[in-house]
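Worksheet for the structure shown next.
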There are 2 protein chains.
Amino acid sequence: MEAALSGGDTAGGDPGRRPKRLPRTVRERQILDAAVFVFSQHGYHDASMDEIAEVAGISKPMVYSYLGSKEDLFSASIRREATKVIEAIAETMTPGRTPEMMLYDGFVAFFTFVSQNRDSWRVLHRLAANQGGPFFAEWAEMRDRVIEVVSTLMVHQGSEGGLPEEIAVQGEALAAALVGATESLADWWMDHPEASPRKMAARMMSLVWNGFGDILRGDYWVPPHKR
Amino acid sequence: MEAALSGGDTAGGDPGRRPKRLPRTVRERQILDAAVFVFSQHGYHDASMDEIAEVAGISKPMVYSYLGSKEDLFSASIRREATKVIEAIAETMTPGRTPEMMLYDGFVAFFTFVSQNRDSWRVLHRLAANQGGPFFAEWAEMRDRVIEVVSTLMVHQGSEGGLPEEIAVQGEALAAALVGATESLADWWMDHPEASPRKMAARMMSLVWNGFGDILRGDYWVPPHKR
DNA sequence: GCGTAGCCTTACTCACGAGTAGGTATAAAT
DNA sequence: ATTTATACCTACTCGTGAGTAAGGCTACGC
């Protein structure tokens, strides 16, 4: 339980007998690491501040002193992890490419992130989305960015379809479904981790780009350079 | 808290002064109704047995006497609501039709159910899927049944004579994504309830049957009889 | 009538966990 | 050397909510 978090309890290779007394910024990082871990294991309510403090290798009052209440702590955890995901995906979202490739690369980036940050993903997925109050706001921001991208793609390309209003609503709905499908597939992947991130991304593309109709005809999606 | 200790919440319009003393089966139904409602409002942890008892119009020990612990009660709620959904969808799943129409009708049935049973859906999706332990098992069982149906549909249709192994894995993954997309779209719908169940089903078909590629070309899905 | 079984209640116990009071020890500043 | 600030702790309070003890009221069989 305790190992593998935050690079151990003592900072640096210093052999002194008093490894304690670390500066605030370091402790805050450790606390957040612990919080993400514990929240991901037990969910918001079943996670206790005592356990978070213990995992962080510090006493409870320090947690309160640095990060505030349990809500504040959870909020901070979400914000930090959400930023990670967003940045991981945003890096690949360079403009001037085909929507198809943007989507594919976005999926690859996402699944790569999930495979390397399971705890982060667990915290974000459905913990943040579910609880009422301030957590939802953090989550919604990330979701809105996805919706934005999807809507942009639609307006950019297929604006023949009708009023901009209708397109926007349609885009929102599709983005929601898209995100849900991706999340769900990520969950499934955690139980069947044989496939590579690229393979998972290709599966997503088969479903949401080609569509089920094509799939039933045996027409799965493959990257352009292999066609 | 409530002024009306004996009046008010009892079912039946009888004006008699002693409407209490109902048989066990009736009380159990009332308790489950109350439980679904309260759980859907507050989530598992924030729902208190006291409130469930109060909403059911009964005292707390009765709840424990009839339905057992809080976990048992939640479990029973999930099981009952899950059965409802499955049956609603299963009714429309008559064999001998095209996969396309089976899928569409399944979506219509599902979205119709959700629109008429918001609390059920909240309990099932937003809660059961998230809480760990025995609750997740109930949920997973239901989800697996849907996934199984979808993947057999795919294998049956798409692989006349080849690659059963690969198709099976592929099918499971895609079914998981498909279910996730549907769930997620249902959640979105609860915040944007303007559209009809048919419209929502059509949106799902646009995404997962036609695919995003077609959508960007303005090619949305429409029911066959309108083509 | 009288027992027994089932419906139903008030009024507790008890554990758990968020948040805090109040104090110690070490490093930096003067 | 003394003050000040910061890191850090043990040991509490206190509300909340799951679960229970112990008994009352109503009906129905005999």
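Here is how names work: the chains are called A, B, and so on, in the same order as the sequence lines, proteins then strands, and each is numbered from 1.
Contact annotation: A:R27 reaches the phosphate of D:dC8 (side-chain N/O to OP1 or OP2, under 4.0 Å). Dashed line: the shortest gap from a side-chain N or O of B:R24 to OP1 or OP2 of C:dC8 is not under 4.0 Å.
The interatomic distance linking A:E54 (CD) with D:dC8 (P) rounds to 17 Å, in whole Å. In this entry the distance linking CD of B:E28 with P of C:dG6 reads 13 Å, nearest Å. Atom CE of A:M49 and atom C1' of D:dC9 are 17 Å apart (whole Å). Here the C1' atom of nucleotide D:dA18 and the NE2 atom of B:H45 are 12 Å apart, to the nearest Å. The distance between atom CD of B:E71 and atom C1' of D:dG19, rounded to the nearest whole Å, is 13 Å. Look at CG on A:D50: it is 14 Å from P on D:dA11, rounded to the nearest Å. Look at CZ on B:F39: it is 12 Å from C1' on D:dA18, rounded to the nearest Å. Between B:L22 atom CG and D:dT26 atom P the separation is 14 Å, expressed in whole Å.
Residues from residues 59-68 of chain B with heavy atoms under 4.0 angstrom of DNA chain C, sorted by number: B:S59, B:P61, B:M62, B:Y66.
Among the protein residues, B:A53 comes within range of no part of the nucleic acid, since none of its heavy atoms lies under 4.0 Å from any strand.
Using a cutoff of 4.0 Å between basic side-chain nitrogens and carboxylate oxygens, A:D33 and A:R80 are scored as salt-bridged.
Minimum heavy-atom separation, B:G68 to B:M49: O-CE, 4.3 Å. Residues A:Y64 and A:S69 come closest through the heavy atom pair CE2-CA, 4.1 Å. Minimum heavy-atom separation, A:A195 to A:R203: CB-NH1, 3.9 Å.
If you take CZ on B:F107 and CE on B:M102, they are separated by 12.0 Å, rounding to the nearest 0.5 Å.
With sequence neighbours excluded, no residue forms a side-chain hydrogen bond (donor to acceptor under 3.5 Å, both in side chains) with A:N117.
Considering only side-chain atoms of B:K70, the nucleotide from D:dC8, C:dG17, D:dA18 that sits closest is D:dA18.
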Which side-chain N or O atoms in residues 36-43 of chain B pair as donor and acceptor under 3.5 Å with protein atoms at least two apart or in another chain?
from	atom 1	to	atom 2	distance (Å)
B:S40	OG	B:V36	O	3.3
B:S40	OG	B:F37	O	2.7
B:S40	OG	B:D119	OD1	3.4
B:H42	NE2	B:E51	OE1	3.2
B:H42	NE2	B:E51	OE2	3.2

